[in-house]
Structure formats: structure tokens, C-alpha cells
Amino acid sequence: MIRPRKQGGAALLTAMIIVTLIASLAAGMVWQQYRAVQIEAADRARAQSAWILQGALDWARLILLEDARENRKKAVDHLGEPWAVPLAEARLSTFLAAENSTAASEDDGPEAFLSGSIEDAQSRYNLRALIGGAKVPELEQRVLERLCSQVNAPSGTAAIIINGLRAAFPAPASGASAPGAAASDAVISDNGPLQPAGLDQLAWLGLDADTLNRLQPYVVLLPKLTPVNLNTAPREVIAALFDGVDLASAERVVQGRKGRPLQSIAEAAPFLPAAVKVEAGRASVDSSFFIVTGRLRLEERQLEQRSLIERQGLNMVVLARERVNQLLDR
């Protein structure tokens, strides 16, 4: 009678072990299935976001194309044109519904909102003016120093930017001191710092995030030398661009162009001190470079895409594109 009891206990223990293994395997299979579904949903959301942001970029290129056609008569770009009007946040949940049905309601899909804007890159001071040549032009150095002072950047910020950029973009060995040498002719440094492609990458030169945030509305790093558009530049940039111009004089330019955009740089002269000379190579009333920003807010995440567009006649060329995925606070 004792032996059958031992065999029965062993059989019960074996059955319990088998049930535990089966439950563990089932739980693992469920987890793997759940993980696969989550990955597929994330990939689908990423693909949808990319297509929507690409559509926003195409929308911006179309607007800039129409503006270029208008500019064939008179090349003037100002803040009263359609490209300068931002796209207010619009709900796109209907287009991202889980079921592609015309009868689907807005609550069928996740909350998705799209917004965007087009900014004139030439409304900012182009740091390319500091690159190339045997030495930094004294006027350009003063411009950067005035801008750093206006935004209360730490002492020595202008020197850090100048030294870092000139180390990353050394001047060509031959013809470096020739008058009018283009800054875009700088060669790649073998032992210098990496060449920044945009303002955010100036952190490589030793600038902290707070300093970059202060400078961001007023400076830019474009692929080639560009003049500052007096029709779109803020007063801080206009005041720093010319010797002898203070913020009050620059504000007169900003207020004067609201009533009637400047049709030529000569029209800015009445708003500035008499001794100030507005040079065509440093100032303009039209632009070729624009920054397009598209933002897609999907549930608790926001995907932002920033693109740099160069307008070459009627051809809109995308030079750079950057995407930033952010987790929003709830």
C-alpha cells in the first residue's frame, strides 16, 4: 500500500511541473505576441508620421514655388507674404483612423495634430561670413560680438565661435587672402574639430545649450555666404549688422517696413543714421534660404522635422533635414 502512494505523489508532482512549464511557455508566447504587436504599431505610426511630415514639406515647397513665380517681377520677400503665415495646429485623427472607412468617427483613431511654419533663414546673421580668408573681417567680428552682447551670452562666446569655426573650416592654402574669396571654399580640416552643419552642432565647439538657445533666433550657419534680408530680420540683427546703429534705429526699420516692405536696400537709409552705409553684399530685400518646420503631435509624443530649403529659381532644393522625437509631459 505504501508504494502506490509514493507513485501517486510523484505523478502529481510531475503533473504540476508540466502545468507550470506549459503556463510559462504560454505566458512567453503571449508576451512575444504583445511585443510584436507593439513593434508593428510603432513602425506603422513612424511610417505614417514620416509621410505626413513629408506632405507638410511638399506643402511648404509649393508655397515657396508660388512666391518665386511672383518674385520674377520684383524680387522682394517680406513677412506679409503667404509663406510667412504659420500653419495652425490642425487635427488629423480622421486620416490616422485605425480602420480606413469613410464612416469612421474621429474617436476611432489616435489624437494626431499637425502644425508647421516657414522661416526666412536670411533673417538671421550667417556665420559663414566668419569663415575663409587669411583672417576674420573686423566688421564681421564686431557683428557677432554685438549679437552675443545683446542676448547676454557668456563673455568670450564670440571668440569661441570664431576660433572653432575657423579651425573646422580652414581657409585654402592658395588664394586665401584674395579679395572676395568665398567662405564656402574652405577645405576640410584633417586634425581640427568636426565641421558643424547647423547651429545645434556648435555645441561641438564648446557652447552650452543655454547659449545656443539665446543665439538661435539671431544666427544661422548656411552653406554659402548670404546677405541679411532687411524685410524679415529682427531689430537685434539689424542693429548688430551695421556700425553706428542702435536698437532704436533698427526698430524704426522694423516699424517702417510694416506699412510698406522695402523694395530695395536704399529704402532702409531714411530709417538709419546718415553715416551708415548699407552695402548690397551684406543686406538685401529678398531671400533664397528658408527653414521649414513641421510638427506632428501623436498622443503623448511629438515628432518635429526641420528642413533647410534653398530656392534656386523655380527649383526648391532640400539641403538638410533633421527629425526630433520628443516625449510630451502630461
Count I, L, V, M, F, W, Y as connected when their side-chain heavy atoms are under 4.5 Å apart, and connections chain through other members. Are [X] and [Y] then in the same cluster?
X	Y	result
Tyr125	Leu308	no
Val285	Val276	yes
Leu230	Val143	yes
Leu87	Trp51	no
Ile291	Leu127	no

Search all heavy atoms of [X] against all heavy atoms of [Y] and return the closest pair with its distance.
X	Y	result
Val228	Ser123	CG1-O, 4.4 Å
Ala60	Ile118	CB-CD1, 3.6 Å
Pro86	Ser117	CB-CB, 4.1 Å
Ile63	Pro82	CG2-C, 4.3 Å
Arg214	Pro217	O-CD, 3.4 Å
Gly244	Pro273	O-CG, 3.5 Å

Got a second to check how far [X]'s [atom1] is from [Y]'s [atom2], nearest 0.5 Å?
X	Y	atom1	atom2	value
Leu262	Asp286	CG	CG	12.0 Å
Leu222	Gln122	CG	CD	7.0 Å
Arg142	Leu147	CZ	CG	13.5 Å
Met316	Asp58	CE	CG	12.5 Å
Ile162	Glu140	CD1	CD	9.5 Å
Thr157	Glu145	OG1	CD	11.0 Å

With a 4.5 Å limit on heavy-atom distance, are the side chains of [X] and [Y] in contact?
X	Y	result
Val136	Leu144	no
Thr293	Glu304	yes
Glu70	Glu81	no
Lys258	Gln255	yes
Leu199	Val220	no
Leu165	Leu202	yes
Gln201	Gln195	no
Val254	Pro234	no

Kindly determine whether Leu247 and Glu251 satisfy side chain to side chain contact (heavy atoms under 4.5 Å, CB included), including the steps that lead there. CA-CA 6 Å; Leu247 288 175; Glu251 182 64 23; over 6 Å; no

Give the C-alpha distance, both sets of side-chain angles, the deciding distance and a yes or no for side chain to side chain donor-acceptor pair (under 3.5 Å) between Ser149 and Arg146. CA-CA 5 Å; Ser149 176; Arg146 285 193 287 260; over 6 Å; no

Expected output: side-chain Arg252 to main-chain Phe271 donor-acceptor under 3.5 Å: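 Yes: the side chain of Arg252 pairs with the backbone of Phe271.
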
Kindly say whether Leu130 contributes a backbone atom to a donor-acceptor pair with the side chain of Arg166 at under 3.5 angstrom?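 Yes.
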
Will you find, in the side chains of Gln305 and Arg323, an N or O donor that is under 3.5 Å from an N or O acceptor?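 Their side chains do contain a donor-acceptor pair, which is all the 3.5 Å distance test asks for.
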
When you compare the side chains of Ser287 and Asp77, does any donor N or O come within less than 3.5 Å of an acceptor on the partner?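 No, Asp77 and Ser287 have no side-chain donor paired with an acceptor closer than 3.5 Å.
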
Tell me, with the steps shown, if Phe289 and Glu310 meet side chain to side chain contact (heavy atoms under 4.5 Å, CB included). CA-CA 5 Å; Phe289 290 88; Glu310 180 182 7; 3.6 Å; yes

Between the side chains of Arg306 and Glu119, is the shortest nitrogen-to-carboxylate-oxygen separation below 4.0 Å, so that they form an ion pair?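 No, Glu119 and Arg306 are not salt-bridged.
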
From CA spacing to verdict: salt bridge (Lys or Arg N to Asp or Glu O under 4.0 Å), Arg295, Glu89: CA-CA 9 Å; Arg295 297 181 186 88; Glu89 191 173 69; over 6 Å; no

State whether Phe169 and Arg128 meet the cation-pi test: NZ (Lys) or CZ (Arg) under 6.0 Å from the six-membered ring centroid, and within 45° of the perpendicular axis.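 Relative to the ring axis of Phe169, which defines the angle, Arg128 lies inside both limits.
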
For Glu236 and Val151: C-alpha separation, side-chain torsions, deciding distance, then whether side chain to side chain contact (heavy atoms under 4.5 Å, CB included) applies. CA-CA 9 Å; Glu236 291 81 2; Val151 301; over 6 Å; no

Counting only heavy atoms not in Gln33, do more than 12 fall under 6.0 Å of its CD?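 Not buried by this count: 12 neighbours or fewer within 6.0 Å.
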
Within a radius of less than 6.0 Å around CH2 of Trp204, do more than 12 heavy atoms belonging to other residues, nucleotides or ligands occur?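 Check passes, neighbour count above 12.
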
Run the side chain to side chain donor-acceptor pair (under 3.5 Å) test on Arg321 and Gln54 for me, step by step, so that the C-alpha distance in whole Å, both residues' side-chain angles and the decisive distance to 0.1 Å come before the verdict. CA-CA 11 Å; Arg321 189 179 304 175; Gln54 180 61 41; 3.2 Å; yes

What do the steps show when you test Arg257 against Leu79 for side chain to side chain contact (heavy atoms under 4.5 Å, CB included), and what is the final call? CA-CA 9 Å; Arg257 73 191 186 194; Leu79 297 178; 4.1 Å; yes

